[in-house]
Amino acid sequence: MESLQTPFMVALLVAYVLAFMFYFITFIYAKVALKNTAKLLIVLAFVLNTGLLVIRGLLISGLPLRNLFEFGLFFIWAITLVFLFIEYKFDLSVSALFVLPIVILLLLFLVNLDVTVRPAMPALRSKWLIIHVLTAVLAYGAFAISFALSVMYLVKDWLGGENSPNRLASIMPRLELLDELSYKVIFLGMPALTIMLVTGAVWAEYSWGRYWSWDPKETWALVTWFVYSAYLHIRLRGWKGKKAAIISIVGFMAVIFTFLGVSYLLPGIHSYA
Amino acid sequence: MIKFLSSIQLAITLIAAMVLASVFATLFPKIEIFSAFWFRGLLFLFCLNLLICTFKSLPGIVHRINKLPARVDEERAKTLDFSGPEDTEKMMNYLKEKGYKIKTSSSEGQQNILAQKGIWNLIAPQLLHLSLIVVLIGGFLTSLGVEDQVTCFVGEKAVVPASVASGMVIEVNDFQTIYDADGAIDNWITDFIIYVNDEKTASGATKVNAPLKHQGVSFYQKSYGYYHLIELTGVQPGTYEVPDKKIFKLEDKTFNISYSEEGAVVSFFEGHNLSEKVILKDGDKIDFPNDTVLTYLQLNPFTVLGVKKDPGTLVVMAGFLLMTFASFLFWTGRYREVAFSLTEGKANLIVNCKIKAVRDEVTEEISERMKVK
Ligand code: HEM
């Protein structure tokens, strides 16, 4: 079954790239059939992604959440899930143009990782890990979507806002809706991020005897949490729109840095994941 | 002063400062920032900010939850057609179905209705803030706690450092590596007895992810290792305790001894290359030049346990529990309230919610309902 992984990864990549292309053509020609094909492709990609996670789960007989590759697969899965949700609920097809590039870039990165199955070290064999990583995935999925919505906000604003003659601007949702959706999605992701931090700390207490060590991964997760809590509080002071969008983008940069940057650039006890 | 200390501006400034400090600290790990005096000061100020802000906002929240229906101001309201008591009934049933809690009152010939939903979401931020304070206090207590480690050979005793516990001694019965069904390492487990003032007070096992706790002292499986007891006859006679994998030179031969499940492995090297491997059981001998003989006597495993005494951990864990609870409350749905004033032929309606989209949606839904007669 191990050899199935690479074909699945390639199929996944192809499905996402095709979906992106169909959404892009939809944006130029506005044909319903094209849009439906694009949607179908995303659902197909989601099914493939789920399938790959199941394969991986069977290979390691557990939840596949133990290394960068497995976490990345779950990350993409969660982004697609949140995307499908808002696409279904708010009919936000245009957001695909901004969400799918993130997914495709992540996939291109994952394709280069080693997919060999290795046994997990003892510290990783913990129930806490499962909740810890699942909530991380949920939070990161939500933040990726809010990032895309914030970029859309800035792009639309830059193109002239509601009354812009620009085609891209005119098919995007109202600025106000983009802003509020972004807020909503962050509001959904923030508790997940909080539970991620808590379960991570509890696990560290059991496993290393210390709930907080200020290691780079922990510190960056905390930075991410701080940035999004700043986002929620500036909204209370009436900062919306552009300023909020910029903080949401900074927040997602922190997410990406916590996920990838720390693993590659900053050494620490977390560096296995 | 109190106003400044409870302000959100201060909160945002402090959060920004902590972000900058943390980023800086991970980029320059040599500089001790998190234990620096000014960073502690920042945390203290943050704690004070949270405390004052949270307590200042509590009365407002209680007031909001206990609020009674009042006359809805016509200027700010949306006015709907309204024909009579059946309409009221219908509306109230609809709101009840949607999970609203309904209060009614009447004054000056008009009926006022207040429907509230999502009260948990109103107190969630405050509970979260409170949990943060608890965690920060716990963290402060932890900084007063002590941690150290104790190394002990299997079959021997070792004293727990006095800074952690006085008069505490452990005796290790066994140390084992546990393998799973696939043959991969599953865990490391130390079986030991605890003596306090020479009296046996507890015994048990500690392994990775499952520390043992006794009299406020936690024992964590931290590390382990092996020594090999050997006897030499010939050139340098005597018994020696040699560390695992340490390289020696004896009579022109370079070798090390390492632990394996089958026995002690003696690996001989030529330069950097492995030239020969021999597995020894207790009592086995290897001949070296010049009548030198190495006898393998026995394996001496040792375990390293982290020991910690820290009253702060419990406080932090309590804070974490509250924090998790508060986090779940955030997912129960935004707080919203619907206020009606009903007079002859018309109804004044106001919907309150922090999110405009929700406000509009609820107003729309209710207006639709009222139109359907
Ligand atoms: C990193 C630490 C903090 C976190 C994670 C946090 C979290 C939150 C969250 C999630 C909300 C709800 C926001 C919303 O409804 O959109 C909130 C609201 C609030 N926070 Fe914080 N907070 C933190 C620190 C602070 C501090 C230091 C203050 C002190 C000024 C503060 C004051 C407030 C106030 C006044 C509200 C509004 C409450 C309400 O709407 O009823 N927060 N906080």
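Protein chains get the first letters and strands the later ones, always in sequence-line order, with residue 1 at the start of each. No experiment lies behind these values; they were computed from the predicted model shown.
With a 4.5 Å cut-off on non-hydrogen atoms, A:W225 touches chain B through its side chain but not through its backbone. Of the two parts of A:K127, neither the backbone nor the side chain holds a non-hydrogen atom closer than 4.5 Å to a non-hydrogen atom of chain B. Only the side chain of B:V316 has a heavy atom closer than 4.5 Å to any heavy atom of chain A. Heavy atoms closer than 4.5 Å to chain A are found nowhere in B:S218, neither backbone nor side chain. Neither the backbone nor the side chain of B:D360 comes within contact range of chain A; no heavy atom of the residue lies under 4.5 Å from a heavy atom of that chain. Heavy atoms closer than 4.5 Å to chain B are found in the side chain of A:L236, but not in its backbone. Of the atoms belonging to B:I33, not a single heavy atom falls under 4.5 Å from chain A.
Relative to the ring axis of A:F187, B:R334 places its NZ or CZ within 45° and under 6.0 Å from the centre.
In terms of non-hydrogen atom pairs under 4.5 Å with chain B, the most contact-rich of A:A192, A:A254, A:A230 is A:A192. Of all the listed residues (B:K222, B:E147, B:Q221, B:M323), the one sharing the greatest number of non-hydrogen pairs under 4.5 Å with chain A is B:E147. Contact count versus chain A (heavy atoms, under 4.5 Å) is highest, among B:V208, B:D186, B:N187, for B:D186. Most heavy-atom pairs under 4.5 Å with chain A, from the set B:I185, B:L321, B:T324: that is B:I185. Between chain A and the residues B:V307, B:V358, B:I355, the largest count of heavy-atom pairs under 4.5 Å involves B:I355.
Note on A:E205 versus B:K308: salt bridge recorded, some NZ/NE/NH1/NH2 to OD/OE distance being below 4.0 Å.
Annotation for B:F140: atom CZ does not count as buried by contact number, only 12 or fewer foreign heavy atoms lying within 6.0 Å. At most 12 non-hydrogen atoms from other residues, nucleotides or ligands lie less than 6.0 angstrom from CZ of B:F55. At most 12 heavy atoms of other shown residues, nucleotides or ligands fall within 6.0 angstrom of atom CZ in A:F85.
Between B:E32 and A:W214, every side-chain heavy-atom pair lies at or beyond the 4.5 Å cut-off. In this structure, B:P211 and A:Y206 have side chains that are in contact, with non-hydrogen atoms separated by less than 4.5 Å. Side-chain contact between A:M190 and B:F330: absent, with no pair of heavy atoms (C-beta onward) separated by less than 4.5 Å.
Shown here for B:S327 and A:P191, the closest heavy-atom pair between the two residues is O-CB, 3.4 Å.
For the residue pair A:Y211/B:T142, the side-chain donor-acceptor check at 3.5 Å is satisfied.
For the pair A:E180 (side chain) and B:K356 (backbone), a donor-acceptor distance under 3.5 Å is present.
Expressed to the nearest 0.5 Å, how far OG of A:S207 lies from NZ of B:K207 amounts to 13.5 Å.
For residues 6-16 of chain B, the interface with chain A (any heavy-atom pair closer than 4.5 Å) comprises B:I8, B:Q9, B:I12, B:I15, sorted by residue number. Scanning residues 41-50 of chain B against chain A with a 4.5 Å non-hydrogen threshold yields no residues.
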* Step-by-step side chain to side chain contact (heavy atoms under 4.5 Å, CB included) determination, A:W220 to B:V23 -> CA-CA 7 Å; A:W220 272 91; B:V23 170; 3.8 Å; yes
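Of the candidates A:T199, A:T194, A:V198, B:F320 forms a side chain to side chain contact (heavy atoms under 4.5 Å, CB included) with just one, namely A:V198.
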